[in-house]
Structure formats: C-alpha cells, structure tokens
Amino acid sequence: MSAAAITMMLVAMIVLWGGLALAIWNISRFKGEEPESVQRDL
Amino acid sequence: MSSAIEHSDKHRGAFSSRRVFILAAIGSAVGLGNIWRFPYVAYENGGGAFIIPYLVALLTAGLPFLLLDYGLGHRYRGSAPLSFRRAHRAAEGLGWWQVGICFVIAVYYAAVIAWAARYAFFSVDKAWGDDPEAFLFGDYLQAGDPGIGLDFVTGVTVPLVLVWVAVLVIMALGVQKGIGAVSMFFIPVLFVAFIALVVVALTLDGASVGLDALFTPDWGALGETSVWIAAFGQIFFSLSVGFGIMITYASYVGRRSDMTGSGLVVGFANSGFELLAGIGVFAALGFMATAAGTGVDEVATDGLGLAFIAFPAIINEAPLGALIGVLFFGSLVVAGVTSLVSVIEVVISGVRDKFEMTRTGASMAVGVPAALISTVLLGTTTGVYVLDIIDHFINRFGILLVAVVSMLALSWAFRKTGLLREHLNRDGSVQVGTWWQWLIGIFAPAALTFILGNELINNLQEPYEGYPTWMLNTLGWGLAIAVAVLGFVAARVPWRDATFLGDPEIQAQQDERRA
C-alpha cells in the first residue's frame, strides 16, 4: 500500500471509529431516565 | 404520567431501555447498502479523498436529518402518520406517504434476503461452479425476458416465504420482545461475524492491493460535483432517514431519553460499519484481482453483482472460501432482516395507531398481504427485473422526494423545527443550536433537491437500463406517484375517537403541574 493510502485509511478509522467511541463515551456519562418497566403491546 | 402518554406506552409498546433503542436503530440503519454500496461508491468517487465529502454530508445533512426524525417521533410519540398529524392537521399525508414507501420497500427487500440466505448454503459446496454469473441468472433465478410473469422458481419462493414467516413472528411479538430482542442478539452477532470476515479477508494474498485501490486519494475528485452528490446520496440512503423508520422507533423510547447523544451513536456506528465493510470487500476484491492477474478496476463492482457474482468467484479461489461465504451471506441476511423489520414496523405502527388495532392483528393485516405480493412478484422468473425497477424508482422518487418535502414542510409550512430543537435539547447530552434549523430548513433540502433534480433529468433522458416503457411507467414512475397520492387519500380516513390528536408532551407537562 502507498503511504497516501495508509494515511487516508488511518484518517478514516480515527474519524469514524473514534467518533463512535466518543459518542458511546458521551451517552454512557448521560444516563437520562429509563422506563420503569417493559411495556406490553396490546 | 399523562393519559395520552400512558396510553401510548401501554398500548403501543416501548423499548425497555435506551440501549435497546440504539441497537434497533443501528439494526435499521446498517443494511445491505452498507455492505454492497458504500465500498464501491467510495472507490469510484475519489478513494481516500472521499472521506472528506462523506464526513461533510454526515455532519451537515445525515445527522441533522436523523435528529429531525428523532425529534418528531419522540415529541409526538406516534407512528409517522400520527406524529405528523399531531404536529399539524395538514401534515398527516406525509406520514402515510412514508408508510406507503415502506410497504413497497418491504415487498422487494425480503427477496434479496431470501437470495442471500440461499447463497449462504450454496457457499458450503460452492454450488455456483466456475461461472457464478451464469449460475445466478440461469440456474438460480431462471431469469427470462423482462416482464411480469407467474412462473415460480422454487429455490427463490421457498426461502422468500420462510423470510416472511420469520418476520411476521418477530412483528407479532411486539416492540420489545420482537424488534428489541432480535436487535439485542443479532446486531452484536453481525458486528462479530463481519469483523471475522474482515480478518479472514485481510489474510488473503493481494488484500493490500485492494485496500490501496480503495484508499489512494484522488484529490482532484473533490472538485467534481458528482463526487459530492455521491457522498450526500450515500449518507442519505444509508442512515434510514426520511421515510418514517426513525420517527417510529423514536416514539418507542422513554419520554426523558437523551435523543441527541443516541443519534450520534447511531450515525457513527452506521458509518463505522461502512468503513469496516469497505475494508473487507476491497481486501477480497484485491485477492480476486491478484488471482486473476488483472487490476482491481476490472473486478470492482457493487450491488447484486458484488454479492452474487464477485463474492462467489472470490469464494471459489480463496482458502477458507466456505467460511468467507457463510460469514458474508450470513451478514447480509442479518443486516437485511433487522432493516426489513424496521421498514415493515413503519406500516404496522401506522395501521395500529389509525385503527386502534392489536399488535398481532395489525402485524397480520399488514404482513400477510405484503408477503403475498412479495411472493407473487419476486418469487418468479421475472422477479429480478421487478426488483431492479422498483428499487431504482422508489429510492429516488419516493424516499428522496418525501424526505425533501417533509423537511421543507416542517421547517417552513408548519414551522415546527424550533419546537423540536427545544425538545431535543431538553434531555439531550449534545445541544443543537439554531444552526441545526438552518441545516434542516435550507442546506440539507437544497443538497437533496440537487440530487433529485439530477436523477430526474437522467431518468427522463435515458430509460432506466433499457427496460420496456410499460414496466418503467407502471413499476417505476407509476408506483412512485401512486404511493404519494394514496398517502394523502389515506389521511382523509378519520381517526378513532380514542386516539389523542393533541401534543402529548404539552398534556404531560400540564398533568405534571397539576400533580
């Protein structure tokens, strides 16, 4: 692989997978309010 | 809790937690297009340089539009028609238009899943032999001349019926026990299976040749309009936005959930999976090119050609070919089923809300006709042509058109984006500013309108794939127009007296103040 291809592959990985990791870290800090019980479909 | 929200949660069902919702939304967004469309689109449009327009499209159109769907469904706590109706009396037709599009997509999407399931078994003994293309169209699909026939192909019909039976069971089980449970199990399985596939593909001779072809940047491509169109198109089609799915799923989430944080996870998970698919697919294509002594450009392809012709050829030559086949086609089936479930849920949810039906009743009322139409149209020797035409037209002049109209209507005619922004910010971990309203009201619709106009001109100038005019006029243009018209006709049907048509959030706040 060329140096340019390796660089762009790493950039894509860092941005997209890093973005995902950051997004998961963000919501894990922010619990919010969960429903009290599982609701049945009627 | 207000009676409206209590009714909504108890009667309509709900996801048991934010995690289940996020997995279900990822299951919907990650579909066949992530695996067989993104790698080729990126390769054809600048390679490594494509990441720039792709990111711009994700951040300026994809994620803002995803949050619009989330805001609408979460605020108004209903299916697409009910959410639009609660937003504004005149908006309901947009919701039914989206429901109609989802019904059409479900009809043909099931067929591709059935083919992939069959090919997972074919992989074990490489049943396609030395000529996968001849096998696909001749032995397997038994494709005749373009048209609509009733010559059923057993090898297609049987798995198609089985796919529908499985989907109907999932839908009848409900939001949490059906959709939620399937997503909780299958999305981790999909990611693990695909990672295993990528690891095996990376060990093949020539894998680096494929990756080099995919990631070598062509910076000159950034100056071409077509590359930016491709990036916005890929993001839009990949995220499952604009046709009711995310509205429906967001209506099943707890009232005080963090929707903006969830949206970021879903958006980046979807794009992250696309990148993974690009690496796996092009590593395998690099192996194929090296084995054949040709360039990657000679073997690179997308869609049905990639899945059912190129991959069987790769499986023929590769060590551990059967394993690659089972992992690849198994991933297609899982990604397809979790997406199909979300598509048909838009229809079931709309029918349930409108007619106050039970979950099982609505699942059967929607699922059985869909399964019958699907089997009759797609289980035959002409099914592949029907699928190709419907898919082409409903994506462009169905999904794309309703998305643009919905964004413009909510922004300018009904003026709801300010309210939805406040709603998203109330419990959101990431705050959206007024810039979001500008992106939704001007930038994203402008970008999508440009793509739509381009497609319209192309399709009017040159009949799609040279199909007979009557097929394009009925299954293509005709169906896309009919779905829109029927949507606004359906909006004329009155709601049941028990259905609350106000803003459930306002009522909940009033009830909280009284308590």
Among A5(A), S2(A), A23(A), G18(A), residue most engaged with chain B (heavy-atom pairs, under 4.5 Å): A5(A)

Neighbour count above 12 (heavy atom, 6.0 Å) for D205(B) CG: no

Is the shortest heavy-atom distance from the side chain of W17(A) to the side chain of L276(B) under 4.5 Å? yes

For I279(B), is it the side chain, the backbone, both or neither that has a heavy atom under 4.5 Å from a heavy atom of chain A? side chain

With sequence neighbours left out, what residues match D427(B) under side chain to side chain donor-acceptor pair (under 3.5 Å)? R256(B)

So, taking the atom named CE in M8(A) and the one named CG in L214(B), what distance separates them when rounded to the nearest 0.5 Å? 11.0 Å

Contact origin within I51(B) toward chain A - heavy atom pairs under 4.5 Å: side chain

Residue from L58(B), L275(B), T260(B) scoring the most non-hydrogen pairs under 4.5 Å with chain A is L275(B)

Among the listed options A49(B), P217(B), G180(B), G261(B), the residue most often paired with chain A at heavy-atom distances under 4.5 Å: P217(B)

Whatever's closer than 4.5 Å to a heavy atom in chain A on F50(B) counts as neither

Using 0.5 Å steps for rounding, measure from the CE atom of M9(A) to the CG atom of L211(B). 6.0 Å

Within the 4.5 Å heavy-atom criterion, are L16(A) and L55(B) side-chain neighbours or not? yes

Hey, are the side chains of I22(B) and I27(A) touching, using non-hydrogen atoms and a 4.5 Å cut-off? yes

